[in-house]
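One structure below.
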Amino acid sequence: MIKPRRRPYRSSLHVIKSIVELINKMQDKEKADEVFEMCIKYLLNVRDDIEIEELERTAKEESVERGELIMSIAEKLREEGIEKGIEKGIEKGIEKGKIEGKKEVAINVLSRRFGNELTEELKGKIRNADDKAINYIGDNLLEITIEELKEILK
């Protein structure tokens, strides 16, 4: 059985130099920029040993235009990253708000059911409970006893 020949590991900067050299040979500048952008985005997604500044410097050594294009690509990627971060933050905030809402509903319902037996200490424990405990309490609001509640919140 013939084993495929593996290429030796090449540094990201060496790969980028090769890409810039090849792309500089393309006739269609617009297409070359498009291919270059795709290659850079691919490398940034699959390699974790690339620094944008180093990438820019390496590309500028081969072509000033490519160095400038890298910076515009980097800016786009930063903006996309910021947008994704904001979206994730909003999602986490919404999820946290839902859990906090469940906690307050549980406290209100249990306060009506148990009156003074639901002490401030128990209310505090409900507010600090994890999602699993809150979901269990919420699913059993009408059946749970004060003893069960105390046991769950230990």
Side-chain angles (χ1 to χ4, degrees), residues 1 3-4 6-20 23 30-60 65-154:
M1 178 178 210
K3 290 185 178 180
R6 295 186 81 184
R7 300 179 100 191
Y9 178 80
R10 296 177 2 175
S11 76
S12 297
L13 298 179
H14 183 78
V15 171
I16 289 160
K17 281 184 180 184
S18 299
I19 290 169
V20 171
I23 288 177
E30 199 171 300
K31 190 71 167 172
D33 287 348
E34 191 177 311
V35 170
F36 183 71
E37 185 172 343
M38 287 189 309
C39 290
I40 296 302
K41 283 183 177 181
Y42 174 78
L43 280 173
L44 290 172
N45 279 322
V46 298
R47 301 286 290 262
D48 59 359
D49 62 336
I50 300 175
E51 295 291 327
I52 295 291
E53 292 76 20
E54 205 172 13
L55 186 65
E56 178 193 19
R57 188 173 20 84
T58 303
K60 276 186 178 177
E65 292 171 356
R66 299 287 173 244
E68 291 169 358
L69 184 56
I70 283 178
M71 289 316 293
S72 75
I73 293 168
E75 190 59 37
K76 283 182 199 173
L77 291 172
R78 282 188 188 113
E79 287 172 11
E80 288 173 15
I82 289 169
E83 287 174 15
K84 285 180 184 176
I86 289 170
E87 286 173 15
K88 282 185 180 182
I90 289 170
E91 288 172 13
K92 283 183 179 181
I94 289 170
E95 192 59 37
K96 186 172 181 167
K98 286 179 182 178
I99 293 295
E100 295 304 314
K102 285 181 182 181
K103 291 176 181 181
E104 292 307 312
V105 167
I107 289 170
N108 288 338
V109 171
L110 294 172
S111 290
R112 288 204 171 113
R113 280 195 60 216
F114 299 123
N116 291 338
E117 286 183 88
L118 189 70
T119 63
E120 289 302 317
E121 180 185 354
L122 282 173
K123 290 177 185 179
K125 287 182 177 182
I126 292 171
R127 287 185 180 102
N128 293 322
D130 62 20
D131 296 357
K132 185 178 175 183
I134 291 304
N135 287 331
Y136 180 83
I137 293 167
D139 291 343
N140 297 285
L141 276 174
L142 301 178
E143 297 88 23
I144 198 167
T145 65
I146 194 75
E147 290 77 24
E148 287 175 304
L149 184 63
K150 288 177 182 177
E151 187 63 30
I152 291 166
L153 297 172
K154 276 187 178 177

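- Heavy-atom minimum distance, A133 versus I152: CB-CG2, 4.0 Å.
- Between the NZ atom of K88 and the CD1 atom of I90 there is a distance of 13.0 Å, given to the nearest 0.5 Å.
- The closest donor-acceptor contact from the side chain of R113 to the backbone of L141 lies under 3.5 Å.
- Among I146, L110, I107, the one residue that satisfies the side-chain contact (heavy atoms from CB on, under 4.5 Å) test with L122 is I146.
- K132 NZ to N135 CG: the interatomic distance, rounded to the nearest 0.5 Å, is 10.5 Å.
- Taking CD1 from I23 and NZ from K31, the interatomic distance works out to 11.5 Å, rounded to the nearest 0.5 Å.
- Between I137 atom CD1 and K125 atom NZ the span is 11.5 Å, to the nearest 0.5 Å.
- In terms of heavy-atom proximity, K102 sits nearest to I134 at CB-CG2, 3.7 Å.
- Shortest non-hydrogen contact noted between I144 and Y136 is CD1-CE2, 4.4 Å.
- When atom types are taken as modelled, the side chain of K103 and the backbone of A129 share a donor-acceptor pair closer than 3.5 angstrom.
- Residues E120 and K123 form a side-chain contact, since some pair of their non-hydrogen atoms from C-beta on lies under 4.5 Å apart.
- Between E147 and K150 there is no salt bridge, since none of the side-chain N atoms of the basic residue sits less than 4.0 Å from a carboxylate O of the acidic one.
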**Report entry** Criterion salt bridge (charged side-chain N to carboxylate O under 4.0 Å, His left out) on E100 and R127, from CA distance to verdict
**Finding:** CA-CA 7 Å; E100 295 304 314; R127 287 185 180 102; over 6 Å; no

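- To the nearest 0.5 Å, the span separating OG1 on T145 from CD on E117 amounts to 10.0 Å.
- The environment of CD in E143 is crowded: more than 12 heavy-atom neighbours from other residues, nucleotides or ligands sit within 6.0 Å.
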Requested in this report: Begin with the C-alpha distance, continue with both residues' side-chain angles, and end with the deciding distance and a verdict on side-chain contact (heavy atoms from CB on, under 4.5 Å) for E151 and E148.
Outcome: CA-CA 5 Å; E151 187 63 30; E148 287 175 304; 5.5 Å; no

